[in-house]
Amino acid sequence: MWQVVGHEEVVGVLANSLRRGKMAHAYLFLGPPHVGKMTLALELAKALNCVDDERPCVRCSQCQRIAEGKHADVRVIGLDGRAEIGIDHIREMQHAAGLRPFEGRHRVFIVDGAEHLSHEAANCLLKTLEEPPAQVQLVLLAVNERLLLPTVLSRCQKLTLRPLTESVVERALIERWYVAPERARILARLSSGCLGWAVAAVSDEHILSQRSERLAALIHLARASMDERFAYAAHLANQFSRDREAVREVLSLWVGWWRDLLLIKGGCGHFTANVDQETMLHREAEPYSLRQIKEFIKSLEQAMEQLEQNANPRLVLEVLMLSMPRGSSPESG
Ligand SMILES: [Zn+2]
C-alpha cells in the first residue's frame, strides 16, 4: 500500500510500471511546495526495494529503513540552505550510482528542487540521464518546470502532482493526524491543497503566527509610502541572501492573498483560501479594480521567476513595490 494521500492517478502510473517492470530511468515529479512530491518519491524508493509481495509494505526492513532515512541506497540531494545545487553534488551522486546497491535492490537518487541545479550541475546530470546505470532510479522534484533545462526535461517522465481537494486534506488531517474537526477544516482551507503544509502547521504553532505577521506586513504595505515599501524590499532582499525559502513563502502568500482579492472582486468570495481573513479581504478588495489586481498578480509571478533565475533581488523587489497598486489610506477607509 502506497502511503500517499490522494494523487491516485500518479500512484497508478508508477504502480503499473513497477508491476510490468517498465520503469522510466528518471521521473520528474512536478507540483507546488508541500503537495507531496517527496513523500511520493520515498514511497517509490520503498516500492523498488521492498521484499514483500505487496510492494511497498510498511513492515519489511527495507521499507522501514527508508522511512527512517537510514537506507544506504536512498539518497536525497537538495539545497540544504545553499543558493544552488552544485556540480560537486552531482559528481558525488554519479560516483555512488556506479556502485552496486549496498543493502537493497535499487539505488534511488532524489534531487529535491531540480530547478536549483546550477547550469554545470544540470549538464553533468545529463550524462546519467542519458546512460543510467542498471539498478539506478532517478527522481527529480521541481515546482517550476520552466526553470529546468529542456534537455533534462526531455529525458524524464513527467508526472504532475496537483493540489488535493480541501475535503481530502481535511479528512486526512482528522483520520491520520487526529486533528480536531474544526481545526482540520480551517487548516485544510489555508493549505491550498498542500497537505504537507497543513501537517507541519498541526505540530508547529509558529507557522500560523508567522503567516499572520506576514499578512499584516502585506496589508500595511498596500497603503504605505514608497520609502516604506523600498525599505521592506531591502529587508526582503537581505533575507533572500540568507534564506531563499522564506522569501519564496512570503511571495507565495502574497499571490494567494491577491488571488483572494480577485475572487472577491469577481463575486466568488466563497472560494477564498484565507478563510480566517474574510472581513479583512472584503475591506482590502474595495479600492482596486479587477485589472489592477490581475496585473499585480502577474508582476508577483514574474518577480518570483526572476528571483529563481538569480536576477538582482533588490532590484526585482523594488520593481515589484512600484507595481503594487495603492490601497486606500486608513483615514479614507
Ligand atoms: Zn516493504
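Atoms within each ligand, like the ligands themselves, are counted from 1 in listed order. Residue numbers run from 1 in the order of the sequence given.
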List in chain and number order the residues that pass side chain to side chain contact (heavy atoms under 4.5 Å, CB included) with S241, two or more places apart in sequence or in another chain; answer none if no residue qualifies.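 Checked S241 against side chain to side chain contact (heavy atoms under 4.5 Å, CB included); matches are N238.
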
Got V10 and V4 here, is their nearest side-chain heavy-atom distance under 4.5 Å?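 A side-chain contact is absent here, since even the closest heavy-atom pair is not under 4.5 Å.
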
Cationic N near anionic O, under 4.0 Å, [X] to [Y]:
| X | Y | value |
| --- | --- | --- |
| K127 | E131 | no |
| E284 | R223 | yes |
| R259 | E301 | yes |

Heavy-atom count check: over 12 atoms from other residues, nucleotides or ligands less than 6.0 Å from Q3 CD?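 Above 12, so yes.
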
Taking 2.8 Å as the distance threshold, tell me the number of protein N/O/S atoms next to the Zn ion (ligand 1).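 Excluding waters, the total comes to 4.
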
